[in-house]
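Notes for the one structure printed next.
Lettering of chains follows the sequences in order, A, B, ..., and the numbering in each one begins at 1.
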Number of protein chains: 2
Amino acid sequence: MDEQTLTAALARAESLCAERGVRLTAQRRRVLELVCRAERPVGAYEILDQVRDGGKAAPPTVYRALDWLLAQGLVHKLETLHAYIGCTHPEHPHASQFLICSGCGCVAELEDAAIAGSLQSAAEETGFQPSRPVVEVLGTCSDCSDKRRNDR
Amino acid sequence: MDEQTLTAALARAESLCAERGVRLTAQRRRVLELVCRAERPVGAYEILDQVRDGGKAAPPTVYRALDWLLAQGLVHKLETLHAYIGCTHPEHPHASQFLICSGCGCVAELEDAAIAGSLQSAAEETGFQPSRPVVEVLGTCSDCSDKRRNDR
DNA sequence: TCAAAGACGTAACTGTATAACGATCGCATT
DNA sequence: AATGCGATCGTTATACAGTTACGTCTTTGA
């Protein structure tokens, strides 16, 4: 995320939290900034290392901030990578799906109604009530496919 | 999994491995049995504890067996739980989806064409080539919903 | 029979996440 | 201003998950 987008994202987070009457504290803002600044998913201990420069910190500091940011929908956790990314549209709660490239590590966040719908239908059939759908597709992004093709 | 189903599952695993010309060794069989015997997903260290009774073992012992069983499609890994379950239909390779109950911990394995299809379509749109789709829906199973209703 | 590949034992280590407890901060009410 | 309370934060320790590296033994096929 470039500097401009980052500033915008943080400003948006500020105003969202103000609306909601929740506190985006310095720690939380710091962690959010670090997550957003990275182009790719970042691990909790990567964040921790960066938080440590210029201040003390231990794992719970980072995990608490991450848990809160997750609850606010400002970041997402990628279960398959044990890593976190900034949410691209935190305005409304949503069920996201992720396309994760094993080649370059890039991640695309989708909000696909057809996927959400098919999950919902399948769940209904068995009387299951979904609360948190986790959809992460590992594979190869188009850029990496192209590179491979050119290499041959 | 009850004793009868378990025996059947192990027998089926035996014959599958024979067909494929791969070796279901004592260790692997042991781990498969422990995973299948459990009604619910089991963590690697839970397995390790059980393998330790009556023999020595260290983490690599269990992880090697699990990796091999995963590759053979005899067990699945649930990324959101860091835990493993026996596959309900190991005969053919397949993309499964899981419904995971946060109440009782039970897991239903689906093989839903509509879900797989919608994932495939969404990926194609962006030129993404899926290799391993991970679909795990956390929520509440019908039994647990019923219990909650009755409690009120 | 004997080398190569596969499977296993072992020790040490990295990485991910949580428990528990006390101190502190922000803020509304007295 | 002082009090009280919930939310936040600091700190230590530890649980849980997974890997590296290396040596030994077993299986198997030339």
Walk along DNA chain D from 5' to 3' and tell me the first and last nucleotide with an atom closer than 4.0 Å to a non-hydrogen atom of chain B. D:dA17 to D:dT27
B:Arg23 vs B:Pro59, nearer the 5' end of DNA chain C by closest nucleotide: B:Arg23
Considering only heavy atoms, which members of residues 67-78 of chain B lie under 4.0 Å from some atom of DNA chain C? none
Taking only residues two or more places apart in sequence, or in another chain, which ones meet B:His82 in a ring-ring contact (aromatic ring centres under 6.0 Å, His included)? A:His82
5'-most by nearest nucleotide on DNA chain D - A:Thr25 or B:Ala83: A:Thr25
What contact category does A:Arg64 fall into here, base, sugar-phosphate, or nothing, at under 4.0 angstrom with non-hydrogen atoms? base
Quick check on A:Arg40: does its CZ atom have over 12 non-hydrogen neighbours (other residues, nucleotides or ligands) under 6.0 Å away? no
Going by side-chain heavy atoms closer than 4.5 Å, which hydrophobic residues are tied to B:Val134, directly or by a chain of links? none
Of B:Thr61 and A:Leu81, the one whose nearest nucleotide on DNA chain C sits closer to the 5' end is B:Thr61
Throw together a table of side-chain donor-acceptor distances under 3.5 angstrom for residues 48-55 of chain A, partners on residues two or more places apart or in other chains.
residue	atom	partner	partner atom	Å
A:Arg52	NE	A:Ala57	O	3.2
A:Arg52	NH2	A:Ala57	O	3.3

Of all residues at least two apart in sequence or in a different chain, which pass the side-chain contact (heavy atoms from CB on, under 4.5 Å) check with B:Ala38? B:Val42
Could you state the atom-to-atom distance from CG of A:Leu66 to C1' of C:dT18 in whole Å? 14 Å
Positive for side chain to side chain donor-acceptor pair (under 3.5 Å) with B:Ser96, one of B:Glu111, B:Glu109, B:Glu136: B:Glu109
To the nearest Å, how far apart are A:Asp49 CG and C:dT14 P? 14 Å
Should we say atom CD of A:Gln4 is surrounded by more than 12 heavy atoms from elsewhere, each under 6.0 Å from it? no
Are OP1 or OP2 of C:dT16 and a side-chain N or O of B:His82 less than 4.0 angstrom apart? no
Side-chain touch B:Trp68/B:Val22, heavy atoms, less than 4.5 angstrom: yes
Under 3.5 Å: donor-acceptor pair, side chain of A:Ser131, backbone of B:Leu138: yes
Rounding to an integer number of Å, can you tell me how far B:Gln27 CD sits from C:dG6 P? 18 Å
Within this structure, what is the OH-to-P distance between A:Tyr63 and C:dG15, rounded to whole angstrom? 12 Å
If only side-chain N and O atoms of A:Tyr45 are considered, is one of them under 4.0 Å from the OP1 or OP2 phosphate oxygen of C:dT16? no
